[in-house]
4 protein chains.
Amino acid sequence: MSSNRQREILHAAVKLFEQKGYQATSVQDIADAVGLQKGSLYHYIQSKEELLMQIADAAIRQFNEQLQEILARPMTAQEKLAAMIRMHVQTSIENLETTTVLWREAFSLGEAPQGVIQKMTDTYLDLVTQILNEGSENGEFQVHHPRVTALAILGACNWVYRWYRPSGSMNANDVAHTFSKLFLDGLLTTH
Amino acid sequence: MSSNRQREILHAAVKLFEQKGYQATSVQDIADAVGLQKGSLYHYIQSKEELLMQIADAAIRQFNEQLQEILARPMTAQEKLAAMIRMHVQTSIENLETTTVLWREAFSLGEAPQGVIQKMTDTYLDLVTQILNEGSENGEFQVHHPRVTALAILGACNWVYRWYRPSGSMNANDVAHTFSKLFLDGLLTTH
Amino acid sequence: MSSNRQREILHAAVKLFEQKGYQATSVQDIADAVGLQKGSLYHYIQSKEELLMQIADAAIRQFNEQLQEILARPMTAQEKLAAMIRMHVQTSIENLETTTVLWREAFSLGEAPQGVIQKMTDTYLDLVTQILNEGSENGEFQVHHPRVTALAILGACNWVYRWYRPSGSMNANDVAHTFSKLFLDGLLTTH
Amino acid sequence: MSSNRQREILHAAVKLFEQKGYQATSVQDIADAVGLQKGSLYHYIQSKEELLMQIADAAIRQFNEQLQEILARPMTAQEKLAAMIRMHVQTSIENLETTTVLWREAFSLGEAPQGVIQKMTDTYLDLVTQILNEGSENGEFQVHHPRVTALAILGACNWVYRWYRPSGSMNANDVAHTFSKLFLDGLLTTH
DNA sequence: TATGAATGAGGGTTCATTCAT
DNA sequence: CATGAATGAACCCTCATTCAT
């Protein structure tokens, strides 16, 4: 179904969308990157927007699937949260280009496809909130406002694409560890 | 200097850039919004990009100035951090459109203006990091990695524009309070 | 009639038309050069095209008037031709900007004003041809085809604006002398 | 490489640039002339300016190449000069539109492309000057100032596009002959 | 006299997409 | 499968000119 060429094109699109932005990337740019003529691209894609949609969909889908797996494992809430953070940061960093496109460019999608992405993002938020509620209920966590707390954690994680550089001294584990400590223990020394 | 019309135009641009995105907003759209001919706009602006730059510049500048004020006040580190979070969330929410344009659209700027914005954003990060270092040094905080921690806090705060809706039940204070509790106390009940 | 301001404007226009060309010079450029607003210029001029017309008209008119004077003087044909060449080269060089505008930019005029300039140019050609005919009739000259010969002489003279630089080592007299020798004596040593 | 359409477009551009001038000719005009949409032109050209450059470049190049050929032939200086004049006048007249664009419109080019044309024009001048020097050295010519003399001859020849009309009674040979006589023998009967 | 806001038409260029070959 | 010609709408921006103040 998804031929080599199609994967090539998708990959080129990710790279270009990340570098120049979706709108600033022309179909010609993508064609050049895979060594095809502009017109020939349309044997493989339906539209430029569909390309963006595929990238964003695959990206958010991966986050969701991995989180589902974590939730299915028998762990305490705090272990689940730490695992979620590690997974999220790691995935973001390992697929920095894709993640960038997801969070920065998906806004350029039309209403309908954007709604699809939004729905999956909402689901993801629900799952994270669920971890917090679980910890709250079993006494592990004190959560002031689960949904907003989940949004805070997700905000921190999803902001990573904006500052993380592979050339820097930190790896994904370092970042995840710092995040986990912050969210679980807080900053204060006096508890 | 900044006439009524200029402010009108800026305001219309903020609104349109927030609604449709910078690239999808045409100069014609802005002209229509203020009741001018397309060409007439150019009595007030130099270019569409300059308009975006002005918006982004004013936005990040306001964040910086307010944070400077907070830092100048005689408070403990944890008070400063709470104040910073409250200010940041409140400003983001009160100027939701402007903030959205700042974080979502500034990427469309050319290299040079984007660099200016980036520099101010970096300064802001430095100031927040400074609060953490201060708290760390005087024993108030235990900070695993100050810079990454600052980025986590900023990520959470800057993500607000993506989910906050004025029509919802939460106000800025509610959000800020939840954020502060999370970052200061952490989630764990067992300390 | 022609106030100081009007002369100022004309002068600025000549300078700008010479430097950037008529079409590439905006009314704003001229306004800037004289320290007025674009709109204020129209108290002094009727249109940008009229400015060009005035410059071209004055330029060709001066050539014609000076040639008339020469023709009225009691001289041999060869003296008249030499005088004409000296006058033409000198005037071209002394008013290099104006002359440049005349020959290079007048084409941008509309049909009617261009016709006026053309008529005066034709008259000038007639007067030069007349010198040649005079010399031919009285035996001073051997002229193969008076009109074409006149056009050759005028071509040489009118080309001067394209290569003459005041910073060079030649002055108008040097050029005129070389031209006269060429046209009167020819290049051949064997006569 | 240069398809039919490309030649068609070039030809239409020459015609329009000659008739209306480069600046007054819109891309729309050219598109209309070849029966394409404005945007479709850009499959064949890079820009309007590039079109002008191509025309001017080809024109001056042809003059240079033909002069090189003449210089390579074993002839006396006076024969070379006569041949140069004949070639120049003939080429100018046979390609009257192209020649007109070269001398009248190339000024509208940007600095860089204009410099390229200028360099080739300078080379041409050098070659003509070389003929004069040759004749001067071998005693055929008496040349007062070789470079200025060459400029006079070129001025006369390059002015042709401004007055020659194919509908007139003169052909290229007539003009060339008159020019040659003038430059070689001069006007005076008394030598 | 001088301003500067406003016009309105036009400028060159880009681009996602289609389609006959 | 691949091409590349063609579309047609939209893009940002410029500019000579007018006119109320």
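Letters go in sequence order (proteins before strands), and every chain restarts at 1.
Picking from F:dC12, E:dG12, F:dA6 the nucleotide with the shortest atom distance to the side chain of B:Ser26 gives F:dC12. For C:His43, the listed nucleotide lying nearest its side chain is E:dA2; candidates were E:dA6, E:dA2, F:dA6. The listed nucleotides are F:dG4, E:dT18, E:dT3; the one nearest the side chain of A:Gln37 is F:dG4.
Toward the 5' end of DNA chain F, the nearer of the two residues B:Lys38 and A:Leu41, judged by each one's closest nucleotide, is A:Leu41. Take the nearest nucleotide of DNA chain F for C:Tyr42 and for B:Gly39: the residue whose nucleotide is more 5' is B:Gly39. Nearest-nucleotide positions on DNA chain E for A:Lys48 and D:Asp29 put D:Asp29 closer to the 5' end. Toward the 5' end of DNA chain E, the nearer of the two residues D:Glu49 and A:Glu49, judged by each one's closest nucleotide, is D:Glu49.
With A:Thr25 contributing its side chain and A:Leu16 its backbone, the two residues share a donor-acceptor pair below 3.5 Å. Side-chain atoms of B:Asp57 never come within 3.5 Å of backbone atoms of B:Gln54 as a donor-acceptor pair (strictly under, hydrogens ignored).
Looking at DNA chain E, the stems built from 3 or more consecutive Watson-Crick or G-U wobble pairs, each pair with its key distances under 3.5 Å, are E:2-21 with F:2-21.
Per the geometry, OH belonging to D:Tyr44 stands 17 Å off C1' belonging to E:dT13, to the nearest Å. Here the P atom of nucleotide F:dC12 and the CG atom of B:Leu16 are 12 Å apart, to the nearest Å. Atom C1' of nucleotide F:dG4 and atom CG of D:Asn4 are separated by 16 Å, given to the nearest angstrom. Here E:dA6 presents its P atom at 14 Å from CD1 of B:Ile45, a figure rounded to the nearest Å. Spacing between atom CD of C:Gln28 and atom P of F:dT17 amounts to 14 Å, rounded to whole angstrom units. In this structure, D:Asp32 atom CG and F:dT7 atom C1' are separated by 15 Å, rounded to whole Å. Taking atom CD on D:Gln23 and atom C1' on E:dG10, their separation rounds to 14 Å, with Å as the unit. The separation between C:Glu50 atom CD and F:dT17 atom C1' is 14 Å, rounded to whole Å.
OP1 or OP2 of F:dA6 has at least one side-chain nitrogen or oxygen of D:Arg5 nearer than 4.0 Å. For the OP1/OP2 pair of E:dT7 and a distance below 4.0 Å, the side-chain nitrogens and oxygens of B:Ser40 include at least one atom meeting the criterion.
In this structure, D:Leu36 reaches the sugar-phosphate backbone alone: every heavy-atom distance under 4.0 Å involves primed, P, OP1 or OP2 atoms, never a base.
In this pair, B:Tyr22 and B:Phe17 present their aromatic rings perpendicular. The plane angle is above 60°, beyond the 30 to 60° band.
Counted by atom type alone, C:Arg61 and C:Asn64 present zero donor-acceptor pairs between their side chains at under 3.5 Å. Under the 3.5 Å distance criterion, with hydrogens and angles disregarded, no donor-acceptor pair is assigned to the side chains of B:Glu18 and B:Thr100.
Residue-environment remark: NZ (D:Lys20) exceeds the threshold of 12 foreign heavy atoms within 6.0 Å.
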Under the ring-ring contact (aromatic ring centres under 6.0 Å, His included) rule, what do A:Trp103 and B:Trp103 come out as? Steps first, then yes or no, please. CA-CA 11 Å; A:Trp103 298 127; B:Trp103 299 128; over 10 Å; no
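Of all non-hydrogen atoms in D:Glu97 and D:Val14, the two that sit nearest each other are CB-CG1, 3.6 Å.
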